Engineer: 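Got a structure for you, questions after.
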Protein chains: 2
Amino acid sequence: MKIQELADKMGLTIHTIRFYEKEGLLDDRHVRRERNNYRNYSDKAVERLKLIKKFQSIGCSLAELKGVLQDHDANTHTNQQIIDWIRSKKKEIESKKEEYDQILDTLNKMLEYRTLLMDDPQKAQEMLKAWHAGSSD
Amino acid sequence: MKIQELADKMGLTIHTIRFYEKEGLLDDRHVRRERNNYRNYSDKAVERLKLIKKFQSIGCSLAELKGVLQDHDANTHTNQQIIDWIRSKKKEIESKKEEYDQILDTLNKMLEYRTLLMDDPQKAQEMLKAWHAGSSD
DNA sequence: ATAAACTATGAAGTGAACTCTAGGGCAAGC
DNA sequence: GCTTGCCCTAGAGTTCACTTCATAGTTTAT
């Protein structure tokens, strides 16, 4: 499979694929060279890129991913270590979600205030005062 | 108030504050110069930085923020426009949250599989097969 | 008086994950 | 055999939000 074909199949650009290779996320199980020096990708490349996408989607940086994949290839870790890793990753994501919840809280308050401002400016004023008094804002 | 004092008060570095000024987020209501060319910050600077932090915390880039603050200063927008903006911002954040939910789903499945692998490798194998059959993975 | 601690400037550096460019080599159709 | 359209490389550019640096002037403490 040539690079553009793989790119289309995976929804990536050819630049990204070459970039991943340069970063050491693909090796000769995934890419070989033809006589003309064109890259020729195996089906394992597709699997690899899917794996990369999956790990990326669970919030891994490419650097972290590189470690994970190397260990994955080398079968370095015990099941318990993997479980621990998943748990810590979960915590990471959960705290990010909490951040977003706080953002939503703020936006909701803003919305409430603005909506009230259209219906009952008086009450909106009161709300603003209560807000200023109550929080660190 | 000199720059270090403001920085301490706001939990920012002096570099960041100067950077914000350079980016046009502060103007002469917030900073003036003394005879020695040192910056002198008013209380409005504190308010401004709080506002910046708030908007940043609701997921605004500095560029977006700049627009928001300029409009805020100029009183450009109607209440309805602001409400619309908040609504679109909410959607943005909500979709980010959904992404994280999907990530958590994946992590939970991974965890389930790995846990099962310790207790009952047979069943774990079945689970893996079911997974491969059922989803696009 | 001198050193330490603060202030100023403009410019360059950081890191992540691409993205694009220049300058060239192959391949397939007409 | 010429054009079009892939492919190659090395390296520079992009975005964001800072951060660091080099250099220099000012204020404060001893």
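We name chains A, B, ... by the order of the sequence lines, and we start the count at 1 in each one. Predicted model only: the values in this text are computed from it and were never measured.
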Engineer: Between B:Lys97 and B:Glu94, is the salt bridge (charged side-chain N to carboxylate O under 4.0 Å, His left out) condition met? List the steps.
Structural biologist: CA-CA 5 Å; B:Lys97 250 191 78 180; B:Glu94 271 156 7; over 6 Å; no
Engineer: Treating B:Asn40 as the side-chain partner and B:Met1 as the backbone partner, does any N or O pair qualify as donor plus acceptor under 3.5 Å?
Structural biologist: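 Judged by distance alone, yes, a pair lies under 3.5 Å.
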Engineer: In terms of side-chain heavy atoms of A:Tyr38, which of C:dA8, D:dC8, D:dC18 is nearest?
Structural biologist: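 Nucleotide nearest to A:Tyr38's side chain: D:dC8.
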Engineer: Take atom CD1 of A:Ile17 and atom P of D:dT9, then tell me their distance rounded to the nearest Å.
Structural biologist: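 Value for this atom pair: 13 Å.
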Engineer: Just checking, any donor-acceptor pair under 3.5 angstrom between side chains of B:Arg114 and A:Asn79?
Structural biologist: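 Yes, A:Asn79 and B:Arg114 have a side-chain donor paired with an acceptor closer than 3.5 Å.
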Engineer: For the side chain of B:Ser42 and the backbone of B:Arg29, is there at least one donor-acceptor N/O pair under 3.5 Å apart?
Structural biologist: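 A pair under 3.5 Å: yes.
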Engineer: Using five base pairs at each end, measure the axis-to-axis angle across the helix from C:dA1-D:dT30 to C:dC30-D:dG1 and round it to 10 degrees.
Structural biologist: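 Rounded value for the end-axis angle: 20°.
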Engineer: Rounded to the nearest angstrom, tell me the gap between atom CD1 in B:Ile52 and atom P in D:dA17.
Structural biologist: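 Spelled out: CD1 on B:Ile52 to P on D:dA17 is 12 Å.
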Engineer: Considering only heavy atoms, which members of residues 3-16 of chain A lie under 4.0 Å from some atom of DNA chain C?
Structural biologist: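 Those residues whose heavy atoms fall under 4.0 Å from DNA chain C, taken from residues 3-16 of chain A in numerical order, are A:His15, A:Thr16.
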Engineer: Send over the distance from B:Glu23 CD to D:dT15 C1', rounded to a whole Å.
Structural biologist: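 These atoms are roughly 12 Å apart.
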Engineer: Let me know the distance between NZ of B:Lys66 and P of D:dA17, rounded to the nearest Å.
Structural biologist: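 That distance rounds to 13 Å.
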Engineer: For C:dT9, does either OP1 or OP2 sit under 4.0 Å from a side-chain N or O belonging to B:Arg33?
Structural biologist: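 Looking at the OP1 and OP2 atoms of C:dT9, one of them is under 4.0 Å from a side-chain N or O of B:Arg33.
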Engineer: Spell out, as yes or no, whether a donor-acceptor pair under 3.5 Å connects the side chain of B:Thr106 to the backbone of B:Gln102.
Structural biologist: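 Judged by distance alone, yes, a pair lies under 3.5 Å.
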Engineer: Roughly how far, to the nearest 0.5 Å, is NZ of B:Lys66 from CD1 of B:Ile52?
Structural biologist: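 Result: 11.5 Å between the selected atoms.
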Engineer: Within the structure provided, determine whether B:Trp85 and B:Val68 are in side-chain contact (heavy-atom separation under 4.5 Å).
Structural biologist: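 Yes, side chains in contact.
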Engineer: Starting from the 5' end of DNA chain C, give me the residue, A:Asn36 or A:Lys22, whose nearest nucleotide shows up first.
Structural biologist: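 Whichever sits nearer the 5' end wins; that is A:Lys22.
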Engineer: Roughly, in whole Å, what's the span from CZ in B:Arg39 to P in C:dT7?
Structural biologist: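 Going from CZ in B:Arg39 over to P in C:dT7 covers 10 Å.
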Engineer: Cut-off 3.5 Å, side chains only: do A:Asn108 and A:Glu112 have a donor facing an acceptor?
Structural biologist: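 No donor-acceptor contact under 3.5 Å links the two side chains.
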Engineer: Counting the atoms with a prime plus P, OP1 and OP2 as sugar-phosphate, which does B:Gln56 contact under 4.0 Å by heavy atoms, base, sugar-phosphate, or nothing?
Structural biologist: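 It contacts sugar-phosphate atoms only.
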Engineer: Counting any heavy atom closer than 4.0 Å, what does B:Arg18 reach on the DNA or RNA strands: base, sugar-phosphate only, or nothing?
Structural biologist: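 B:Arg18: base contact, heavy atoms under 4.0 Å.
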Engineer: Any side-chain N or O of B:Tyr20 below 4.0 angstrom from OP1/OP2 of D:dC18?
Structural biologist: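 Result: yes.
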Engineer: How many angstroms lie between CD1 in A:Ile93 and CG in B:Leu107, if you round to the nearest 0.5 Å?
Structural biologist: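 The CD1 atom of A:Ile93 sits 6.5 Å away from the CG atom of B:Leu107.
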Engineer: Can you tell me the distance, in whole Å, between the CD atom of B:Glu21 and the P atom of D:dA17?
Structural biologist: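 Taking CD of B:Glu21 and P of D:dA17, I get 18 Å after rounding.
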Engineer: Taking B:Gln81 for the side chain and B:Thr78 for the main chain, is one N or O donor matched with an acceptor at less than 3.5 Å?
Structural biologist: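 Present.
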Engineer: Nearest to the side chain of A:Asn37, which nucleotide is it out of D:dC8, C:dT9, C:dC18?
Structural biologist: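 Looking only at side-chain atoms, A:Asn37 lies closest to D:dC8.
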Engineer: Rounding to a whole Å, what distance do you find between B:Asn40:CG and D:dT27:P?
Structural biologist: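 Nearest whole value for this atom pair: 13 Å.
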Engineer: Using whole Å, what does the distance between atom C1' of nucleotide D:dC18 and atom CG of B:Leu65 come to?
Structural biologist: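 One finds 15 Å between C1' of D:dC18 and CG of B:Leu65, rounded.
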